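Predicted, not measured: the structure shown is a model, and the values here were computed from it. One-based numbering, in listed order, for ligands and for the atoms of each.
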Amino acid sequence: MAAPESKFVRACRGQSTPVTPVWFMRQAGRYMAEYREVRKHHSLVEICKRSELAAKVTIDAAEILGVDAAIIFADLLLPLEVMGMAFHFESGEGPVIEKPVRAPADVHALRTDRAGELGYVAESVRLVARHFGAKLPVIAFCGAPFTLASYIIEGGGSRHYLETKKLMYRSPEAWDELMLKLVAVLSAYVVEQARAGADVVQIFDSWVGCLSPADYRRYVLPRTTELVQQVKRAAVPVIYFGTDTATLLPAMKETGADVMGVDWRIGLDDAWRALGNRGAIQGNLDPVLLFANKKELHAQAKDVLQRAGGRAGHIFNLGHGILPGTPVEHVQDLVQLVHDYSAKYATAAKVEWFGESQ
Ligand code: CP3
């Protein structure tokens, strides 16, 4: 951990900060000219594997936006390769996994002993942490077992998660074996990044909102809790993010994650209440608002901050990643607004979550 006293890391621990920290999922991406320039010469996976390029893309995005944390440039699907699954990105169509897992025998064949080969991501973390030192914290990330399993089983994105749920309901033993294998690989992968200097780990469970609370508890919570606990043993705070999770939040909180990431489908205050007002929260502006005029963007960003009420432990973010075509200038403007507007709140309302006195 290189920046333990930064406002982002303090907020992850539920501690007060002079202004609300802000960063964005997919802050490095196609909406940014500097990224498109690098992409002209390299594929996405090439950028991830060449640590100096991944570090450059990570650093540029954070510096251009003036955000309070740098998320390491990588992709959710990189661990699939070392488990024995080939994938590629089809332009405009998203990821394609070449031979999706459909049967118990396919699960048996997945490997868990090659996580060390993902060391190039830890190396990117090392380079970014060296660049920023204590000035800016670095976020490492991985997919959550459910969301990665959905890609592995569907072979790509999905609408109904039919194949995923079929395996889950029809072959619960193979499902659990898959969850266990993913936890083994993912925990080794992100713990190595924590050792390389990452300050916080975010676990993306982007698609878990397709489950009922009962199925979440039965099929997903136990192994996801193991992952969260293994990461916490590396002494870094964990952010657990999903979309469409309004009904799942109390169960997701049982993983022990320090911060819950929520999307715009629930008010930030309602979400925090659903969590028993415990721990920190991250979110939750609709990314499409960055395409609106500034008046609407500002009004809705202020609404998020008002719902947070100046309480310690709020990290401002979008409810999901920045979309292609987003005007960069609106993103920079939003960072400024969050800092300026929250400064007023921090002095007006000194509410502390964990009874601390700083
Ligand atoms: O700045 C950052 O946030 C760090 C980089 C990052 C990428 N992917 C790079 C990337 C992060 C955090 C991810 C996570 C990721 N990858 C998720 C979880 C987040 C989410 O959106 O819920 C998922 C589901 C993936 C898998 C994936 N990779 C998808 C669905 C796509 C979209 C395909 C497309 O064509 O848009 C990708 C590609 C990808 N990963 C891009 C980037 C910047 C798109 C741009 C490109 O092709 O260069």
Side-chain angles (χ1 to χ4, degrees), residues 22-51 53-65 67 69-81 85 87-97 121 124-125 128 136 138-152 154-159 161 164 186 189-190 193 198 200-210 239-245 261-264 282-284 287 317-326 328 331:
V22 50
W23 68 280
F24 303 107
M25 293 177 274
R26 288 279 173 88
Q27 61 193 24
R30 281 184 298 228
Y31 77 107
M32 206 175 251
E34 291 77 3
Y35 177 77
R36 290 196 300 273
E37 185 54 38
V38 178
R39 274 287 271 122
K40 269 191 206 157
H41 310 286
H42 307 278
S43 72
L44 173 67
V45 173
E46 227 169 72
I47 300 173
C48 296
K49 290 190 171 175
R50 289 180 49 180
S51 303
L53 280 178
K56 176 187 158 36
V57 167
T58 303
I59 292 165
D60 284 352
E63 291 183 342
I64 288 165
L65 299 177
V67 285
I71 182 163
I72 202 69
F73 193 85
D75 194 79
L76 205 74
L77 302 180
L78 297 173
L80 301 195
E81 194 177 43
M85 304 192 71
F87 66 90
H88 63 272
F89 288 93
E90 239 147 65
S91 50
E93 309 234 345
V96 178
I97 283 92
V121 181
S124 312
V125 169
V128 176
L136 207 71
V138 183
I139 304 170
F141 72 91
C142 66
F146 177 83
T147 289
L148 262 188
S150 82
Y151 280 103
I152 290 175
E154 302 293 337
S158 176
R159 191 169 158 77
Y161 301 94
T164 308
L186 295 169
Y189 172 57
V190 285
Q193 293 176 62
V200 171
V201 168
Q202 174 155 321
I203 298 174
F204 282 89
D205 218 346
S206 308
W207 313 131
V208 76
C210 70
I239 306 172
Y240 184 27
F241 164 80
T243 67
D244 227 339
T245 57
V262 295
D263 77 2
W264 61 91
Q282 176 175 281
N284 70 340
N317 206 312
L318 304 172
H320 207 164
I322 293 183
L323 295 163
T326 297
V328 174
V331 186

- Would you say ligand 1 has an N or O under 3.5 Å from any N or O of A28? yes

of all protein heavy atoms, closest to atom 21 (O) of ligand 1 is H320 NE2, 3.1 Å

Under 4.0 Å from one or more heavy atoms of F73, ligand 1 contributes atoms 5 (C), 9 (C), 43 (C)

* Within the structure, does D75 bring an N/O atom to less than 3.5 angstrom of an N/O atom in ligand 1? -> yes

If we number the atoms of ligand 1 from 1 as shown, the ones under 4.0 Å from a heavy atom of I71 are 1 (O), 2 (C), 3 (O), 4 (C), 12 (C)

Short version for T147: what comes under 4.0 Å of ligand 1, heavy atoms counted, is neither

So the atoms of ligand 1 within less than 4.0 Å of a heavy atom of S206 turn out to be 18 (C), 19 (C), 20 (C), 22 (O)

Next on the checklist: Keeping D263 on the side-chain end and D244 on the backbone end, is there a donor-acceptor pair under 3.5 Å?
Outcome noted: yes

- Is T164 close to E154 at the side-chain level, that is, under 4.5 Å between some pair of heavy atoms? yes

shortest atom 37 (C) of ligand 1-to-protein heavy-atom contact is with F89 CE2, 3.3 Å

P95 heavy atoms within 4.0 Å reach ligand 1 at atoms 29 (C), 30 (C)

Anything under 30° is parallel, anything over 60° is perpendicular, the rest tilted; go ahead and classify F204 against F241.
-> perpendicular

Ligand 1 atoms nearer than 4.0 angstrom to some heavy atom of M25 are 3 (O)

In this structure, OG1 of T326 is separated from CZ of F24 (nearest 0.5 Å) by 10.0 Å

* N or O pair under 3.5 Å between Y35 and ligand 1 -> yes

Do L148 and L77 touch side chain to side chain, with heavy atoms closer than 4.5 Å? yes

Nearest non-hydrogen contact to atom 18 (C) of ligand 1 from the set Y31, Y151, F204 belongs to F204

Check whether any heavy atom of A74 sits under 4.0 Å from an atom of ligand 1. yes

(message) Any side-chain to backbone donor/acceptor pair from N284 onto G319? Under 3.5 Å, distance only.
(response) no

What one should report as the nearest heavy-atom pair of F141 and L76 is CE1-N, 3.8 Å

**Q.** Geometric N/O contact E93 with ligand 1, under 3.5 angstrom
**A.** no

among protein heavy atoms, the one nearest atom 4 (C) of ligand 1 is I72 O, 3.7 Å

| query | Taking both backbone and side-chain atoms of R30, is any N or O found less than 3.5 Å from an N or O belonging to ligand 1? | reply | yes

Note: L44, heavy atoms under 4.0 Å from ligand 1, region reported as side chain

protein heavy-atom neighbour closest to atom 25 (C) of ligand 1 works out as L76 CB, 3.6 Å

When distances are taken from atom 47 (O) of ligand 1, the protein heavy atom at minimum range is R39 NH2, 3.1 Å

Among Q202, H42, R26, closest by heavy atom to atom 31 (C) of ligand 1 is R26

heavy-atom search around atom 12 (C) of ligand 1 in the protein gives F141 CZ, 3.4 Å

Atom 33 (C) of ligand 1: closest protein heavy atom, distance to 0.1 Å, is G94 CA, 3.5 Å

